[in-house]
Amino acid sequence: MLKFWRVNLWKAKMEKAEANGATCFSCEDDFKYATLDAILSATTGKTAAAVENAISEIARSDPVVDEYGGATFHLRSLPICDAVTYLFQSIGDTVSLPPTLTYIYQQYLRWTPTFNKHYKTAVDTVNQMKFLTEAPDIQRALRKELLGVVTDGSEGRPVTFDEMMSPEKTPYLEAVVAEILRLSIVAGGSTRQTTQQIDFLGHTIPAGTMLVYLSGLACFNASVENEERLRSFDSKRTETLQKNGPGSRELWKTPTDQFEPERWINVDSATGKKTFDPKAGFSFPFGFGLRACPGKQLAMLELKIYIATLNLAFFLDRTPQELSSHRAGMKLSRFPLQAYVSPKPWNSASAMAS
């Protein structure tokens, strides 16, 4: 039931926000509560009841509502939450921890946005909500697909592992996840060190050189709009790369700054069947090669379950323009500076609007 944490938390927050005249609320701190519960459950078999505490605190407090209708909750946290946060903020890179504490520390940094300067994450969970909030038709299309997959027809429960392990049944969910990861650019690049001298696009690179690959920028530029400039390097590429590009991927045909899950979908002209194409274009959110993120598959599964559960529970209504900026900060990873959501029931007027 850990995947269902935000459904109950968000219901409580939205009810209290609306009671105080707000139209949306900040969700940035919500990650802290669930993160602690999830990692303690995985490592010790028990949670800290951080989510339950947050919900009870919401009932006893009133949010601060700004001039644009955005509510911010300042909740008292459990002593254990403060203690763990203080402990992790005090840990330096040279400190050695027992294996269990090391795992908890890494997971806390991975899932808590803007935690500290060492924050790392496989996915930007806040950006998921920002992109979907601005795309009501995509939310409706995703829900329609998911309702056909949830075997018992229930909209009020988390989806299961088995339901999320069938890409042929949920091609649109796969496409939504891939597009969110492509646009979020959580990790702007990666580094590699050469072990021997290499020749690359006409340049000789000595052994021991640290190379920085700006994968986010490169993937954004890998479009037909930039094809002429990209092809200017063909004389220095191998014949295979000239023909297909790395991994036989094609250049993006539509603007890369648009949230468009359909770019990942192939439609059979004869049957109309839709399939997800993981190599539709250039996107490497988890890195690439032998040293790509080893937790990719787990992160993808978590993200699919997370998005599917919230999509079945809520329609994410638009938030005021002043609170929906895509401005981002950068520590070790990229994170949004504003994180407001307005979850509504699927039978609400905004959700039913065409």
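In this chain, residues are counted from 1 in sequence order. Worth saying up front: this structure is predicted, and the values here are computed from it rather than measured.
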query: Does the Q193 side chain pair with the main chain of M210, one donor and one acceptor, at a distance under 3.5 Å?
result: no
statement: Correct closest heavy-atom pair for W264 and E179 would be NE1-OE1, 2.9 Å
- request: Evaluate whether atom CD of Q321 has more than 12 neighbouring non-hydrogen atoms of other residues, nucleotides or ligands under 6.0 angstrom away.
  value: no
Minimal non-hydrogen separation, L323 against Y340, with atom names: O-CD1, 3.6 Å
message: Applying side chain to side chain contact (heavy atoms under 4.5 Å, CB included) to L173 and V149, what does each step give before you reach the verdict?
response: CA-CA 11 Å; L173 173 62; V149 174; over 6 Å; no
task: Decide yes or no for V64 and N20: does some side-chain heavy atom of the first lie under 4.5 Å from some side-chain heavy atom of the second?
output: no
- prompt: Which pair of heavy atoms, one from R143 and one from W346, lies closest together, and at what distance?
  reply: CD-CE2, 3.0 Å
message: Is the shortest side-chain heavy-atom distance between Q139 and F314 below 4.5 Å?
response: no
message: If I compare all heavy atoms of M14 with all of T23, which pair ends up nearest, and what's the gap?
response: CE-O, 3.2 Å
- request: Using a 4.5 Å cut-off on heavy atoms from C-beta on, say whether the side chain of L211 contacts that of T209.
  value: yes
message: According to salt bridge (Lys or Arg N to Asp or Glu O under 4.0 Å), does anything in residues 15-24 pair up with another residue at least two apart or in another chain? List the pairs.
response: K16-D62
query: Tell me, do P171 and E145 make a side-chain contact under 4.5 Å, heavy atoms counted?
result: yes
message: Is any side-chain heavy atom of N311 closer than 4.5 Å to one of V176?
response: no
query: Got L9 and I58 here, is their nearest side-chain heavy-atom distance under 4.5 Å?
result: yes
- prompt: Do D268 and T275 come within less than 4.5 Å of each other through their side chains, counting heavy atoms only?
  reply: no
- prompt: Residues in salt bridge (Lys or Arg N to Asp or Glu O under 4.0 Å) with E57, at least two apart?
  reply: R60, R76
field: Which residues share a ring-ring contact (aromatic ring centres under 6.0 Å, His included) with F259, sequence neighbours left out
entry: F131
- prompt: Do you know the tightest heavy-atom contact between F315 and P345?
  reply: CB-O, 4.4 Å
task: State whether the side chain of S223 and the backbone N or O of W252 hold a donor-acceptor pair below 3.5 Å, judged by distance alone.
output: no
message: To check you understand the geometry: which heavy-atom pair defines the closest contact between T256 and R263, and what is its length?
response: CA-NH2, 4.2 Å
message: Checking side chain to side chain contact (heavy atoms under 4.5 Å, CB included) between R318 and each of S342, C24, S324, P136, which is the one that passes?
response: P136
